[in-house]
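For reference, the structure discussed in these notes is given below.
Here, residue 1 is the first one in the sequence, and each next residue gets the next number. The figures here come from the full heavy-atom set of this structure, side chains too, leaving out hydrogens, waters and symmetry mates. Remember, it's 1-based here, ligands and their atoms both numbered in the order they're listed.
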Amino acid sequence: MNDAAISPPPAGAAIKNSMTRTRAQLVGYGTYLPVNLVTNDELAKTVDTSDAWIRERTGIRQRYLAAPHETCAFMATRAAQAALASSGVPPSEIGAVILATATPDQAFPATATRVQAALGVGGFAFDMSAACSGFVFALGMADSLIRSGAIRAAVVIGAEVYSRILDWTDRGTCVLFGDGAGAVVLRATDGDDSAPGILSTHLHSDGNLGDILYVDGAVGRRDLPGHLIMNGREVFRHAVSRMSEAIDEALAANHLARTDIDWLIPHQANRRIIDGIGKKLGLDETQVVVTVDRHANTSAASIPLALAAAIDDGRIKPGQLILLGALGGGLTWASALIRL
Ligand code: UT7
């Protein structure tokens with residue numbers, strides 16, 4: 001044994017070492033949107049609604065709706081393939097595929113396993129059910145697996161086909177949602193808090209609020225059609241407060257102020273909710289990424305789709321601090337802080 005191995009390190013080095021740890025770095029991203037773009041005016045031909053109402057109450061202009069071949073697995077695979085290609089991570093390094101979805105193709109096997117097969121990766125794959133918070137929950141799981149050393153890299157996907165579970169006679173819900181998928185690749189890296197990586201995730205649920213947003217169907221329940229049911233006003237009431245709380249929790253855990261944040265990417269459900277969170281947090285409007293106007297609410301896919309849009313158009317740059325905030329059925333809510 002040499003002397004260096006047993007003598008205590010200088011104080012500075014000890015502090016640096018204690019801050020350096022394995023974390024998950026976001027090294028690739030990809031998206032898939034269905035080919036069928038439907039504007040509010042087009043929707044108003046079959047639903048008792050109007051472009052003016054939808055824009056004013058939600059900020060939504062259009063949504064993409066899946067064709068029959070655009071299944072959850074199909075869209076998730078396309079997004080994941082793009083994410084893997086952009087990451088440069090070899091498929092052999094992927095230890096897990098985690099797919100956040102409320103609209104899997106089958107009760108089982110998990111749609112994630114279909115994606116795993118299509119990607120040709122090993123490890124393990126599973127679906128994550130946390131509705132619109134699903135992507136942040138999946139990010140939290142992958143981050144924990146990487147931090148613990150269980151895996152070295154993961155594909156994390158949010159993919160949804162809500163068009164299949166909407167009641168197209170209920171104008172209060174069917175105009176709000178869209179289909180699509182977004183994926184990221186996470187890889188283990190060593191660094192301190194100024195290095196790129198996921199700095200924290202905070203996940204919450206309160207099952208007492210399960211009845212304000214749910215699907216009235218389940219495997220084996222032939223009496224229930226399996227449609228999305230929402231008490232919009234109640235969900236709205238919780239959305240701003242819970243997402244803001246989770247975001248503040250992330251800032252406190254990382255000893256950061258709101259002014260340290262470069263970008264906020266909230267779940268894209270309603271422009272009024274997004275503006276409400278930005279205002280509550282005192283952020284400038286230009287720091288908040290908004291894609292609900294073009295994608296509508298794509299549930300677990302909304303955050304990775306928004307993240308990709310803001311990287312692609314050059315707004316989000318390497319080194320910047322990005323806060324994610326989500327809320328969905330369950331009720332579930334969550335935040336994640338990422339240095340890109
Ligand atoms: O992703 C999971 C999280 N989800 C959310 O965060 C959604 C949260 N909730 C919301 O975004 C809003 O509550 C909605 C967009 C769903 C609804 O907005 P609202 O301002 O709360 O409207 P409302 O439900 O109170 O309805 C107001 C009026 C009603 O008419 P009356 O009773 O005042 O005559 C509705 O019948 O608007 C009517 N309405 C519509 N009119 C035209 C409801 N939907 C429509 C529609 N087109 N599509």
Checklist line | Check: T20/D192 side-chain N/O donor and acceptor closer than 3.5 Å | finding: no
Checklist line | Test item: side-chain donor near acceptor, H204 and E249, under 3.5 Å | finding: yes
Margin query: Taking 4.0 angstrom as the limit and counting only heavy atoms of R272, give me the atoms of ligand 1 inside it, by number and element.
Written below: 18 (O), 20 (O)
Check: With no hydrogens and no angle check, do the side chains of T39 and D41 hold a donor and an acceptor under 3.5 Å apart?
Finding: no
Checklist line | Distance from atom 1 (O) of ligand 1 to nearest protein heavy atom, with residue and atom | finding: N297 ND2, 2.6 Å
Notebook entry, point to check: Just going by heavy-atom distances, which of F236, F177, W53 is nearest to atom 12 (C) of ligand 1?
Noted result: F236
Next item on the list: Just jot down the ligand 1 atoms closer than 4.0 angstrom to any heavy atom of M230, in number order.
Entry: 4 (N), 7 (C), 16 (C)
Next item on the list: May I ask you to identify the nearest protein heavy atom to atom 9 (N) of ligand 1, giving residue, atom name and distance to one decimal place in Å?
Entry: G232 O, 3.0 Å
Check: Among I273, T49, V175, whose heavy atom sits nearest atom 6 (O) of ligand 1?
Finding: I273
Next item on the list: May I ask you to decide if the ring planes of Y64 and H295 are parallel, tilted or perpendicular, using 30° and 60° as cut-offs?
Entry: tilted
Check: Do you know which two heavy atoms are closest between A102 and A131, and how far apart they sit?
Finding: CB-CA, 4.3 Å
Notebook entry, point to check: Which residue and non-hydrogen atom of the protein lie closest to atom 3 (C) of ligand 1, and at what distance in Å?
Noted result: V235 CG1, 3.6 Å
Next item on the list: Can you pull out the closest protein heavy atom to atom 24 (O) of ligand 1? Residue, atom name and distance to 0.1 Å, please.
Entry: R233 NE, 4.5 Å
Notebook entry, point to check: Between V292 and T58, which heavy-atom pair has the shortest distance, and what is it?
Noted result: CG1-O, 4.2 Å
Notebook entry, point to check: If you count the atoms of ligand 1 from 1 in the order shown, which ones are under 4.0 Å from a heavy atom of C132?
Noted result: 1 (O), 2 (C)
Check: Can you list the ligand 1 atoms lying under 4.0 Å from a non-hydrogen atom of T58?
Finding: 15 (C)
Margin query: Using heavy atoms and a 4.0 Å limit, tell me yes or no: is G172 in contact with ligand 1?
Written below: yes
Margin query: Under 4.0 Å, heavy-atom basis, I'd like to know which part of L176 is in contact with ligand 1: side chain, backbone, both or neither.
Written below: side chain
Item checked: Single hit among D179, N297, N40 for side chain to side chain donor-acceptor pair (under 3.5 Å) with R63 -> N40
Check: Does V47 have a non-hydrogen atom less than 4.0 Å from ligand 1?
Finding: no
Check: Side chains of E70 and Y32: do they bring a donor and an acceptor to under 3.5 Å?
Finding: yes
Notebook entry, point to check: Relative to the heavy atoms of R57, which atoms of ligand 1 are at a distance of less than 4.0 Å?
Noted result: 20 (O)
Checklist line | Over 12 non-hydrogen atoms of neighbours within 6.0 angstrom of CZ in R187 | finding: yes
Next item on the list: Among all protein heavy atoms, pick the one closest to atom 30 (O) of ligand 1 and tell me residue, atom and distance.
Entry: R171 NH2, 4.4 Å
Check: Any non-hydrogen atom of I54 lying under 4.0 Å from ligand 1?
Finding: no
Next item on the list: Determine if the distance from atom 34 (O) of ligand 1 to the closest protein heavy atom is below 4.0 Å.
Entry: no
Check: For atom 14 (C) of ligand 1, what's the nearest protein heavy atom and its distance?
Finding: N270 ND2, 4.4 Å
Margin query: Does either side chain, that of E160 or that of T103, offer a donor lying less than 3.5 Å from an acceptor on the other one?
Written below: yes
Next item on the list: Show which atoms of ligand 1 fall inside a sub-4.0 Å distance from at least one heavy-atom site of L213.
Entry: 2 (C)
